Amino acid sequence: MRQIGADILAAVDLAAINARLAELPSGILLAELENVLAAIDSGDPVRRRQRAGVFGRLIGRDLVAEAQVDSVESRVRLHVLAAQAHADTLIDGRAKLRALSTSLQQQIERLNDLLVRERAAPPATTEREAARQRRLQHLDAILASWRMSVSQIAMVCDHAAALLDRHAQLRDVLVPLWRQRASAEAVAAQLDRERAAAIADVRDALRAQLASLHTAASRLSADGLSANATPIERTPKEPPP
């Protein structure tokens, strides 16, 4: 005799649901987002010192990070690319998990309707009725576990959606703003270097000119008019008549 609800139980693949849950890269994506923030912080001198801590500054960890500042952009780019790959995987996995949850919800409704009908049916013989009631209790437990699974899937999907929102915020807002700031700082630094170079050129030229004038003044002092020039004769006075 076929057991009650056997066809409904056969339609549910909990192993596939568990596999989808295990494959979601939520933790990996979260780690990559944190890596992006850490890379951005490493380019900020203040945050770099804060992250290094007192002990890190004592052993020169902040100086090592400062020496690697040129690699900040490359590290940010690599982590952003990795985060995007994991986000794409998470989007696909979340969609498939939601489809499995929808299918499971349909089987929950079928099983619930079956239990309602079975309990409304007239009882069988004593022996068969005892077995029937045990079967219905077993199906009740399965129904409760399926409902719990649907709730868990919903929470996982909500968490994935929130994580994807944070990824989009980092990718579309934070990283572009950081790159704009870094570009502006690079331009400002280049302008500062150009101004410093111009000031140095003018200063060096002026120093050379002053040195030339100093040399000329020294020469005039050593070979001055009072030592080598012919004295200026006074005009003699005309004798009285």
Side-chain angles (χ1 to χ4, degrees), residues 16-102 105 148-199:
I17 295 176
N18 290 330
R20 286 296 175 190
L21 287 170
E23 291 171 358
L24 289 180
S26 301
I28 302 175
L29 175 57
L30 181 59
E32 285 298 344
L33 297 184
E34 292 173 342
N35 288 337
V36 173
L37 294 178
I40 290 176
D41 284 348
S42 69
D44 186 327
V46 175
R47 290 187 176 274
R48 186 167 58 240
R49 287 192 294 270
Q50 291 175 346
R51 292 177 66 87
V54 176
F55 180 72
R57 291 196 293 274
L58 288 176
I59 64 176
R61 188 177 297 163
D62 58 329
L63 298 179
V64 173
E66 185 174 355
Q68 298 174 342
V69 69
D70 291 340
S71 66
V72 172
E73 168 60 30
S74 63
R75 281 185 286 142
V76 170
R77 183 173 63 255
L78 289 176
H79 289 308
V80 167
L81 289 174
Q84 184 61 59
H86 294 311
D88 292 340
T89 302
L90 182 58
I91 291 171
D92 181 66
R94 178 172 174 265
K96 292 178 179 178
L97 190 59
R98 288 173 66 89
L100 289 172
S101 178
T102 299
Q105 183 60 46
M148 184 176 295
S149 296
V150 168
S151 298
Q152 291 175 342
I153 292 172
M155 288 189 293
V156 170
C157 289
D158 288 344
H159 177 267
L163 187 56
L164 290 169
D165 286 343
R166 299 292 77 76
H167 166 257
Q169 184 180 21
L170 182 144
R171 179 196 60 199
D172 301 334
V173 180
L174 177 61
V175 171
L177 286 176
W178 172 77
R179 282 177 171 152
Q180 290 174 9
R181 177 187 173 188
S183 178
E185 289 177 347
V187 171
Q190 179 62 29
L191 290 176
D192 287 342
R193 287 192 293 269
E194 291 175 356
R195 292 192 191 99
I199 291 172

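Fair warning: this is a prediction, and the values are worked out from it, not measured in the lab. The analysis underlying the following values was restricted to heavy atoms, covering all of them including side chains, and did not include hydrogens, waters or symmetry mates. In this chain, numbering begins with 1 at the start of the sequence shown.
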Apply the side chain to side chain contact (heavy atoms under 4.5 Å, CB included) test between Trp178 and each candidate in Val76, Leu37, Val173, Val36; give the one that qualifies. Val76

Do other residues, nucleotides or ligands put more than 12 heavy atoms under 6.0 Å from the CZ atom of Arg181? no

Glu34 side, atom CD; Leu170 side, atom CG - distance, nearest 0.5 Å: 11.0 Å

Examine distances only and state if a side-chain atom of Thr102 and a backbone atom of Arg98 form a donor-acceptor pair shorter than 3.5 Å. yes

So, Arg20 side chain and Leu97 main chain: donor-acceptor pair closer than 3.5 Å or not? no

Student check: side-chain heavy atoms of Ile153 and Val156 closer than 4.5 Å: no

Is Glu194 close to Gln190 at the side-chain level, that is, under 4.5 Å between some pair of heavy atoms? yes

Using the side-chain contact (heavy atoms from CB on, under 4.5 Å) rule, take Arg179 and Arg77 through it: C-alpha gap first, then chi angles, then the decisive distance, then the call. CA-CA 10 Å; Arg179 282 177 171 152; Arg77 183 173 63 255; 4.0 Å; yes

Asp165 and Gln169: side chain donor to acceptor below 3.5 Å: no

Sole candidate of Leu163, Ile91, Leu81, Ile28 that passes side chain to side chain contact (heavy atoms under 4.5 Å, CB included) when paired with His86: Ile28

Closest non-hydrogen atoms of Val150 and Ser101, given as atom of the first, atom of the second and distance, are CG1-OG, 4.0 Å

From CA spacing to verdict: side-chain contact (heavy atoms from CB on, under 4.5 Å), Leu164, Leu29: CA-CA 9 Å; Leu164 290 169; Leu29 175 57; 4.2 Å; yes

To the nearest 0.5 Å, what is the distance between OG on Ser149 and CG on Leu100? 11.5 Å

side-chain contact (heavy atoms from CB on, under 4.5 Å) assessment of His167 paired with Glu32: CA-CA 9 Å; His167 166 257; Glu32 285 298 344; over 6 Å; no

How many angstroms lie between atom CG of Leu30 and atom CZ of Arg166, to the nearest 0.5 angstrom? 11.5 Å

At what distance, to the nearest 0.5 angstrom, does OG of Ser183 lie from CD of Glu185? 9.5 Å

Run the numbers on Ile40 and Val72 for side-chain contact (heavy atoms from CB on, under 4.5 Å), then give the verdict. CA-CA 7 Å; Ile40 290 176; Val72 172; 5.8 Å; no

Nearest 0.5 angstrom please: Lys96 NZ to Ile17 CD1, how far? 14.5 Å

